[in-house]
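Worksheet: the structure to be examined is printed underneath.
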Amino acid sequence: MATLTCSASDLASFLNTVNDTSSAASYLCSRFDSISKTLSDTSFAVNTTYLLFSAYLVFAMQLGFAMLCAGSVRAKNTMNIMLTNVLDAAAGALSYYLFGFAFAFGSPSNGFIGRHFFGLRDVPSPLTDYSFFLYQWAFAIAAAGITSGSIAERTQFVAYLIYSSFLTGFVYPIVSHWFWSSDGWASPTRPDNLLFGSGVIDFAGSGVVHMVGGIAGLWGALIEGPRIGRFDQSGRSVVLRGHSASLVVLGSFLLWFGWYGFNPGSFLTILKSYGESGGYYGQWTAIGRTAVTTTLAGCTAALTTLFSKRLLVGHWNVIDVCNGLLGGFAAITSGCSVVEPWAAIICGFVAAWVLIGCNKLAEKLKYDDPLEAAQLHGGCGTWGILFTGLFAREAYVGEVYPGRPGRPYGLFMGGGGRLLAAQIIQILVIAGWVTATMGPLFYGLKKINLLRISRDDEMAGMDLTRHGGFAYAYHDEDDSSQKPAFAMRRVEPANVFTPDNQSV
């Protein structure tokens with residue numbers, strides 16, 4: 001690269017004679033060209049750094065999932081559920097590297113499935129880079145983590161390995177290709193033949209991530225059946241409480257923190273102006289607004305759940321509040337970039353009642369989901385997709401998805417029903433696709449006795465029967481002072497006398 005420095009002596013030799021004006025112009029242009037290339041490199045570096053930082057935030061959500069899952073199950077299954085969360089990330093990394101990323105973003109391709117970049121071959125390229133793979137992998141394992149919560153406390157370890165690899169390597173990538181790849185048949189960034197002239201707006205994945213994970217978990221839990229003791233002989237619900245509200249709260253805060261990479265990070269770049277350059281308004285503004293709408297939706301859902309459950313059951317329950325918070329986040333994920341902050345409050349309020357309603361329905365149907373994952377991610381994710389079709393603002397839609405004037409927007413914002421129709425199509429195809437793939441997988445695992453653990457193992461807890469011991473040491477097994485032999489040899493302390501010669 002040419003140097004960016006320039007001095008008066010560099011130009012003097014060109015300005016001595018008139019005939020040297022063309023040489024002077026060439027010299028100046030070469031310097032401007034160097035500046036342009038440097039700024040371009042800087043832009044790539046800043047955008048890549050932003051995307052990598054967002055990927056790290058989304059990956060940190062795995063720790064949130066782990067803490068939330070651990071606190072929501074009984075102590076005897078803590079080690080098992082923690083191990084499955086590690087497995088989701090590890091198995092998901094290999095399957096997404098080998099197949100998943102290519103199926104999702106392997107352009108050029110058809111509208112159904114990607115066909116390039118298997119094993120990251122030909123990466124980096126003008127179409128993609130390693131940072132984009134890392135970001136999308138973090139999304140893929142988030143979907144698998146949702147499913148693990150639905151089938152917790154009763155599922156064989158090998159079943160986790162099989163479903164996690166299949167979900168992240170095939171089921172989830174196909175859905176993300178449909179709605180996020182520029183080649184996808186329902187993508188809003190497709191160059192032509194947009195679905196209903198709009199394409200589906202699922203900006204950060206209320207459907208692509210949350211519905212996929214929730215519906216997969218729904219089928220897994222339905223095919224396995226409820227945990228032993230979840231419903232008594234008369235069919236009444238029996239609460240099997242998780243062992244640590246502290247871990248649930250910790251996990252919820254970690255997920256909240258990670259959501260700021262999940263939603264704002266889905267812009268992928270930050271250095272982009274809207275309109276003329278040099279102003280205060282640009283993609284960085286939209287990123288900030290997205291963080292605000294995410295915050296307001298989650299907080300509104302948490303407060304709505306708090307007071308609603310107080311009226312319904314008579315007490316303040318921190319577990320319900322945490323689930324309501326996450327339900328609000330799951331709902332706003334679809335439209336976080338294209339709605340006003342006041343609309344996010346509506347989204348969160350409705351999401352809380354959707355979650356409460358889904359939980360009531362699950363109880364009546366004797367459906368057992370230890371983390372309410374299907375209800376939270378599936379139910380609230382579905383509402384979030386519909387919400388976007390109702391409240392997407394025209395100006396924001398045009399900024400986030402530019403290049404197509406007159407694009408449909410929210411029904412309640414005066415944009416007609418075409419966007420809402422596209423959103424409804426998304427709900428139907430995701431439900432159908434996940435049902436057609438994950439349902440038979442779980443049913444097949446059940447038929448070959450690879451899905452559910454035995455009754456004895458379930459009663460004793462998988463930490464003891466499958467993982468060599470409990471997650472918590474109630475006493476130090478290596479402490480010799482706790483052993484009987486040591487206690488028998490223990491030397492009694494000598495008598496201590498007071499000044500009055502009275503022993504104590």
Side-chain angles (χ1 to χ4, degrees), residues 47-69 84-97 100-101 104-105 120 128-149 164 167-169 172-173 175-176 179-181 202-214 250-270 283 286-288 290-295 297-298 325-337 373 376-377 380-381 384:
N47 286 330
T48 299
T49 301
Y50 174 74
L51 184 58
L52 284 172
F53 180 72
S54 298
Y56 304 151
L57 286 178
V58 178
F59 179 70
M61 295 177 77
Q62 290 300 118
L63 178 58
F65 279 125
M67 296 298 101
L68 180 68
C69 290
T84 62
N85 277 272
V86 176
L87 177 66
D88 287 335
L94 292 179
S95 60
Y96 200 71
Y97 162 76
F101 185 73
F105 299 102
L120 294 185
T128 191
D129 200 355
Y130 293 112
S131 56
F132 184 67
F133 164 81
L134 191 73
Y135 187 67
Q136 294 301 332
W137 161 71
F139 270 64
I141 61 175
I146 292 167
T147 305
S148 68
S164 181
L167 184 67
T168 55
Y172 166 83
V175 177
S176 57
F179 304 110
W180 286 348
S181 170
D202 188 10
F203 183 71
S206 289
V208 173
V209 178
H210 296 282
M211 272 193 70
V212 168
L250 174 61
S252 298
F253 271 114
L254 287 170
L255 288 169
W256 187 343
F257 178 67
W259 235 291
Y260 291 124
F262 207 92
N263 287 4
S266 290
F267 280 92
L268 306 181
T269 61
I270 190 171
Q283 189 141 291
I287 289 171
T290 299
V292 170
T293 57
T294 301
T295 303
L325 174 80
L326 300 179
F329 288 149
I332 195 60
T333 297
S334 172
C336 55
S337 64
L376 192 160
H377 298 277
C380 295

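Here the closest heavy-atom approach between residue V212 and residue V208 is recorded as CG2-O, 3.1 Å. Of all non-hydrogen atoms in P173 and G100, the two that sit nearest each other are CB-O, 3.2 Å. Of all heavy-atom pairs spanning A104 and S176, the tightest one is CB-OG, 3.3 Å. Contact detail for A330 and H377: the closest heavy-atom pair is CB-ND1, 4.4 Å. Residues L326 and L68 come closest through the heavy atom pair CD1-CD2, 3.7 Å. Closest approach of S164 and L87 over heavy atoms only: OG-O, 4.3 Å.
Counting heavy atoms from C-beta on, the side chains of F65 and L254 never come closer than 4.5 Å. Taking the side chain as every heavy atom from C-beta outward, N47 and I270 approach each other to under 4.5 Å. Using a 4.5 Å heavy-atom cutoff, the side chains of L167 and D88 are not in contact.
Going from atom CE of M67 over to atom OG of S252 covers 12.0 Å, rounded to the nearest 0.5 Å. Separating the CG atom in L268 from the CG atom in L51 is a distance of 5.5 Å, to the nearest 0.5 Å. We find the OG1-CG distance between T294 and N263 to be 3.5 Å, quoted to the nearest 0.5 Å.
For F267, the side-chain contact (heavy atoms from CB on, under 4.5 Å) partners are F203, Y274, Q283, A286, I287, T290, S337, V400, not counting sequence neighbours. Under the side chain to side chain donor-acceptor pair (under 3.5 Å) criterion, W180 pairs with no residue, sequence neighbours left out. With sequence neighbours excluded, no residue forms a side chain to side chain donor-acceptor pair (under 3.5 Å) with T147. Every residue two or more places apart in sequence or in another chain that forms a side-chain contact (heavy atoms from CB on, under 4.5 Å) with F257 is listed here: L57. Scanning for side chain to side chain donor-acceptor pair (under 3.5 Å) contacts around S131 gives an empty result, with sequence neighbours left out. The side chain to side chain donor-acceptor pair (under 3.5 Å) test applied to S95 returns T168, not counting sequence neighbours. Residues satisfying the ring-ring contact (aromatic ring centres under 6.0 Å, His included) test with F329, not counting sequence neighbours, are W256, W259. In this structure T128 satisfies the side-chain contact (heavy atoms from CB on, under 4.5 Å) test together with F101, F117, V123, S125, F132, sequence neighbours excluded. Remark: T49 engages no residue in a side-chain contact (heavy atoms from CB on, under 4.5 Å) (not counting sequence neighbours).
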Side-chain polar contacts of residues 134-146 - donor-acceptor pairs under 3.5 angstrom, sequence neighbours left out - could you list them?
{"residue": "Y135", "atom": "OH", "partner": "G261", "partner atom": "O", "Å": "2.9"}
{"residue": "Y135", "atom": "OH", "partner": "F262", "partner atom": "O", "Å": "3.3"}
{"residue": "Y135", "atom": "OH", "partner": "G265", "partner atom": "O", "Å": "3.4"}
{"residue": "Y135", "atom": "OH", "partner": "S266", "partner atom": "N", "Å": "3.0"}
{"residue": "Y135", "atom": "OH", "partner": "S266", "partner atom": "OG", "Å": "3.3"}

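Under 3.5 Å, the side chains of T295 and Y260 contain a donor-acceptor pair of N or O atoms.
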